[in-house]
Amino acid sequence: MPIRPEMRSRYPRDWPQISRRIRFERADSRCECDGRCGRRHRGRCTAVHGEPHPTTGSLVVLTVAHLDDIPEHCDDDNLAAMCQACHLAYDADLHATTAARTRAARLVAPGQTELPLSEV
């Protein structure tokens with residue numbers, strides 16, 4: 001998944017090398033998701049980088065997920081190579097919260113105080 005420009009400073013300078021090592025050396029170009037994404041695959045997802053996805057048929061792009069959603073935390077045990085379907089499903093709650101905050105921020109007029117969002 002592409003890193004948004006406003007998030008780039010939270011990633012280490014050697015992120016491209018870390019990501020490449022996790023995806024292609026450790027994971028051997030295969031999705032490492034073991035079902036933690038909430039999708040209904042048994043055991044390890046069978047998606048392989050550059051091949052059609054076994055469920056969606058789209059071309060698989062292997063990504064690296066931060067399991068704790070903290071980009072600065074790049075220890076190997078906090079990273080997992082995931083196909084785009086597993087990664088998007090794994091981060092669904094995070095994306096929903098971020099989208100809600102973005103929508104709420106657009107509703108606040110200049111000079112007003114934004115009310116905190118309740119935890120989702």
Side-chain angles (χ1 to χ4, degrees):
M1 300 174 81
I3 299 172
R4 294 190 322 263
E6 65 271 17
M7 296 290 290
R8 194 166 307 280
S9 66
R10 295 187 63 191
Y11 286 79
R13 289 184 182 195
D14 62 343
W15 176 249
Q17 293 81 14
I18 294 170
S19 174
R20 192 174 306 109
R21 181 178 53 78
I22 295 295
R23 290 178 294 141
F24 302 120
E25 292 175 23
R26 187 181 83 186
D28 196 27
S29 300
R30 294 181 49 229
C31 183
E32 292 180 311
C33 185
D34 55 9
R36 69 181 92 198
C37 66
R39 297 177 73 238
R40 295 190 172 144
H41 55 80
R42 292 181 186 253
R44 186 172 173 176
C45 176
T46 59
V48 177
H49 181 78
E51 296 186 9
H53 192 280
T55 304
T56 67
S58 63
L59 189 66
V60 172
V61 176
L62 210 56
T63 63
V64 176
H66 287 82
L67 301 178
D68 66 358
D69 298 324
I70 300 173
E72 296 87 354
H73 184 191
C74 295
D75 296 345
D76 280 13
D77 62 350
N78 186 52
L79 302 175
M82 291 189 185
C83 68
Q84 67 271 38
C86 288
H87 196 161
L88 286 170
Y90 184 81
D91 283 350
D93 291 341
L94 175 66
H95 291 291
T97 300
T98 302
R101 284 196 177 112
T102 300
R103 286 191 301 275
R106 287 184 188 142
L107 297 175
V108 177
Q112 287 184 329
T113 303
E114 184 176 347
L115 297 175
L117 291 173
S118 62
E119 291 296 321
V120 178

Any side-chain heavy-atom pair of Arg8 and Ile3 under 4.5 Å: yes
CG of Leu62 to CZ of Arg30, rounded to nearest 0.5 Å, is 10.5 Å
With sequence neighbours left out, the residues meeting side-chain contact (heavy atoms from CB on, under 4.5 Å) with Asp68 are His66, Ile70, His73, Asn78
**Study point:** CZ (Arg42) with more than 12 external heavy atoms under 6.0 Å
**Key:** no
Is Val64 reachable from Leu67 through a run of I, L, V, M, F, W or Y residues, each pair having side-chain heavy atoms under 4.5 Å apart? no
*Does His41 reach the side chain of Cys86, with side-chain heavy atoms less than 4.5 Å apart?*
yes
Closer than 3.5 angstrom, by distance alone: can the side chain of Gln84 be matched with the main-chain N or O of Val61 as a donor-acceptor pair?
yes
side-chain contact (heavy atoms from CB on, under 4.5 Å) filter on Glu6, not counting sequence neighbours, yields Arg4
Value for SG (Cys45) from CZ (Arg36), rounded to nearest 0.5 Å, stands at 12.0 Å
For residues 13-24, tabulate all N or O donor-acceptor pairs below 3.5 Å that involve a side-chain atom, not counting sequence neighbours.
from, atom 1, to, atom 2, distance (Å)
Ser19, OG, Arg23, NE, 2.9
Arg21, NH1, Asp76, OD1, 3.4
Arg21, NH1, Asp76, OD2, 3.0
Arg21, NH2, Asp76, OD1, 2.8
Arg23, NE, Ser19, O, 3.2

Linking I/L/V/M/F/W/Y whenever any side-chain heavy atoms sit under 4.5 Å apart, do Met7 and Tyr90 land together? no
OG of Ser9 to CD of Glu72, rounded to nearest 0.5 Å, is 8.0 Å
Worksheet item: Mind checking whether Val48 and Val60 have side chains closer than 4.5 Å, heavy atoms only?
Response: no
Under 3.5 Å: donor-acceptor pair, side chain of His87, backbone of Met82 = no
Here the gap from Leu59 atom CG to Cys83 atom SG, rounded to the nearest 0.5 Å, amounts to 11.5 Å
